2 protein chains.
Amino acid sequence: MNHITVYDIAKEANVSVSTVSRVLNDTAPVKKSTKDKIMQIIDKYQFQPNALARSLLKKETGTIGMIMPDITNPFFPEVFLGAESEARIKGYTFFLCNTSGDSARESEYLSILSEKRVDGIIFMGGRINLARCKPELVKEVTDISSRIPVVLVNGQLPNSNIVRVSTDEAKGARLVTQHLIDLGHKDIGFIGGVDHMSTTIQKVKAFKSQLEDSGLVYQPDWVLHGSFSVRSGEELMKKMIEMKKRPTAIFCVNDFTAVGAIKAVSEHGMKIPDDFSIVGFDDTPLATSIIPEMTTVSQKSHELGKTAVQILTKLLNKEKVKRLTLLEPELMIRKSTGRLKN
Amino acid sequence: MNHITVYDIAKEANVSVSTVSRVLNDTAPVKKSTKDKIMQIIDKYQFQPNALARSLLKKETGTIGMIMPDITNPFFPEVFLGAESEARIKGYTFFLCNTSGDSARESEYLSILSEKRVDGIIFMGGRINLARCKPELVKEVTDISSRIPVVLVNGQLPNSNIVRVSTDEAKGARLVTQHLIDLGHKDIGFIGGVDHMSTTIQKVKAFKSQLEDSGLVYQPDWVLHGSFSVRSGEELMKKMIEMKKRPTAIFCVNDFTAVGAIKAVSEHGMKIPDDFSIVGFDDTPLATSIIPEMTTVSQKSHELGKTAVQILTKLLNKEKVKRLTLLEPELMIRKSTGRLKN
DNA sequence: GTGAAAGCGCTAACAC
DNA sequence: GTGTTAGCGCTTTCAC
């Protein structure tokens, strides 16, 4: 039941532990014959060196902590996948911390990750998307980032110079808005999200400015907030449908809410894109799973994760990195948007 | 940049490290005044004890390794969520290992988890769902399970007595089949999955026996395998539609393939459930996100994860546990199935 | 090419 | 109540 150690191996091979360590790490030449003997004993006992002991000494653990708000939202698993593909070849393993966006839980995990001496932290969601984040919460992260490299994904912390990687969400929002305008829509609404979160605010702001740049009016009544869930999209869309004067196209904060919106439209016996054009955001697998396939904005989720890890490893090698790496979003035009019918 | 240690704290407080350790762990009474002084210094430096050193000594790390085949399939994040909710209160953090069902990657992660001395391993997918798993691959897991508690979720390993927790997939498949029969369907097909994986085989087997128990014929031509993806469901369903004599109801291996099937039907301009009844499996959030909302089988994903952790902690406490814990599946009847029209 | 010994940061006897 | 000390299992000088 108990693990064996380098001492056990050394003893059986009649060598010292340092020699065992040398063959384990190939850190100095060892005579072929002794090396073979040691190898064979290692093999015999399926010896696995204790990574804790090694890490204690080397001050690196080969682990990365990833903090995410909602593993249930397909966007985040996609980011994870991208991150993992890059991290695995570099020898890192992930602690996955799901926070539900709850800052208490974030704090808890931050502290655990720090105690476990992860080599780096990738932070998504929660406090880094708050329009105004409490100074204590900011300080918590900046404190930790003075000891452990932290990369913020799609978010930021005021008055901090923590490294960030983001997709240009404002750009994505402009792409969406212009696409709808190009299709002839003049009455465009926005649904979903939370009005104190940056992911929502940024989009609405870009949406408004793009509208006004085209000489269209931004209609605050047509901007409905709730949350990021399918249910919320469904409810908000119902409200939209029941308005006496209503928009002909809807920009949804994410794919989840867009799915909800599409459901609502269909439940009202109307057709997409004939009666409404609907656009999502994130290009999760969901977007191509439904009918009609959804026009949405790719956030390059995979690349986002991959880039975060690349930046993290640069940080670990004390290389210079940009304060902010911005990825280009891409509009994926599919079947949920169409030319305005008169 | 460098972490401080108990020695630094002890020095500044003019006490010994043991006293610091005592207040840290509340493991023996310490005079109020010294305790306060130490606490204050800990606070001042935001001291975080090094979990590696502690774990090295205590032989427990407070970590669990979770191996899953596809984080992108919503079923697995749901299991994770259930597991995490239970593990978090017990003080465990997760290493998340995504394998793509690739056994080489499983081996790699198994070895990493072992080196990192996780307290337990939850294993899903890959080799534990193979109809015939190579003996080396089995041995790898049984070897590890002699040192670290392992729980298999929805799978098994031949000739091993590793603890398992599963939903009764055969029962779920019978529920589905009977539901379709009750609706008057006599011509029922099955799509998706892989014919050398237990999750598929079990379902088909139960499907067949339930059919025959009702005096209906099992039509091998109407059992089409491929994979577990939306795309696969779509392609297989197309084939099904193009058959000259085709079934009126389809049992899909999981929600993903069911979504694909629904897409295919709709692309052919047909209606669900009027032209086809479609049933999924897993009851992922996807099932209620699409139109029509999908009839499917709940695998109690959340409970599955939670139970796995409960069993793991029992194992860690040397408590007795059942070799196999079976959860009852539940048929979720929604809008994608309907009475057969003549 | 190999061994002895120190030390990573912590906890837990064992003294006092 | 508190200090001293011996490890946990590994890597890494520094000798030889």
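What's counted below: heavy atoms across the whole structure, side chains too, no hydrogens, waters or symmetry copies. Because the structure is predicted, anything quoted here is derived from the model rather than measured.
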With a 4.5 Å cut-off on side-chain heavy atoms, are [Y] and [X] touching?
X: L326(A); Y: T167(A); answer: no
X: P49(A); Y: R54(A); answer: yes
X: F76(A); Y: L96(A); answer: no

Practice problem: Specify the residue among R22(A) and S16(B) whose closest nucleotide of DNA chain D lies further upstream toward the 5′ end. | Solution: S16(B)
Quiz item: Is the number of heavy atoms from other residues, nucleotides or ligands within 6.0 Å of CG (N159(B)) greater than 12?
Solution: no
Quiz item: Counting only heavy atoms not in K306(B), do more than 12 fall under 6.0 Å of its NZ?
Solution: no
Quiz prompt | Within the 6.0 Å centroid threshold, strictly below: F94(A) and F95(B) | solution = no
Exercise. Identify, residue by residue, the members of residues 47-56 of chain B with a heavy atom below 4.0 Å from DNA chain D, and return them in order of residue number, or none.
Key: L56(B)
Quiz prompt | Axial bend angle, the helix from dG1(C)-dC16(D) to dC16(C)-dG1(D): five-pair end segments, nearest 10° | solution = 40°
For residues 78-90 of chain A, which side-chain N or O atoms pair as donor and acceptor with protein atoms under 3.5 Å away, sequence neighbours left out?
from   : atom 1 : to      : atom 2 : distance (Å)
E78(A) : OE2    : T72(B)  : OG1    : 3.3
E84(A) : OE2    : N98(B)  : N      : 3.0
E84(A) : OE2    : Y109(B) : OH     : 2.7
S85(A) : OG     : G82(A)  : O      : 2.8
E86(A) : OE2    : K90(A)  : NZ     : 2.7
R88(A) : NH1    : E108(B) : OE1    : 3.0
R88(A) : NH1    : E108(B) : OE2    : 3.3

Quiz item: Mapping S18(A) and V20(B) onto DNA chain C by nearest heavy atom, which one lands closer to the 5' end?
Solution: S18(A)
Quiz prompt | V20(A) and its side-chain contact (heavy atoms from CB on, under 4.5 Å) partner, picked from V15(A), I41(A), T34(A) | solution = V15(A)
Quiz item: Can K37(A) and E12(A) be counted as an ion pair, charged N to O under 4.0 angstrom?
Solution: no
Practice problem: Taking only Lys NZ, Arg NE, NH1 and NH2, and the carboxylate oxygens of Asp or Glu, determine whether D26(B) and R22(B) approach each other closer than 4.0 Å. | Solution: no
Could you tabulate the donor-acceptor pairs under 3.5 Å formed by side-chain atoms of residues 124-131 of chain B, not counting sequence neighbours?
from    : atom 1 : to      : atom 2 : distance (Å)
R127(B) : NE     : E106(B) : OE1    : 2.6
R127(B) : NH1    : L137(B) : O      : 2.9
R127(B) : NH1    : E140(B) : OE1    : 2.7
R127(B) : NH2    : S103(B) : O      : 3.1
R127(B) : NH2    : E106(B) : OE1    : 3.4
R127(B) : NH2    : S107(B) : OG     : 3.1
R127(B) : NH2    : E140(B) : OE1    : 3.1
N129(B) : OD1    : S198(B) : OG     : 3.4

Practice problem: Please check if the side chain of S166(A) supplies one atom and the backbone of V153(A) the other of a donor-acceptor pair under 3.5 Å. | Solution: no
Quiz item: So, the side chain of T5(B) versus the backbone of Y7(B): is there a donor-acceptor pair under 3.5 Å, distance only?
Solution: yes
Quiz item: With a non-hydrogen cut-off below 4.0 angstrom, is S21(A) in contact with a base, only sugar-phosphate, or nothing?
Solution: base
Exercise. For D8(A), report the nucleic acid contact type (base, sugar-phosphate, nothing); a contact means any heavy atom under 4.0 Å.
Key: nothing
Self-check item: Nucleotide range of DNA chain D lying under 4.0 Å from chain A heavy atoms
Solution: dG9(D) to dT13(D)
Quiz prompt | Span of DNA chain C, from the first to the last nucleotide whose atoms fall under 4.0 Å of chain A heavy atoms | solution = dG1(C) to dG9(C)
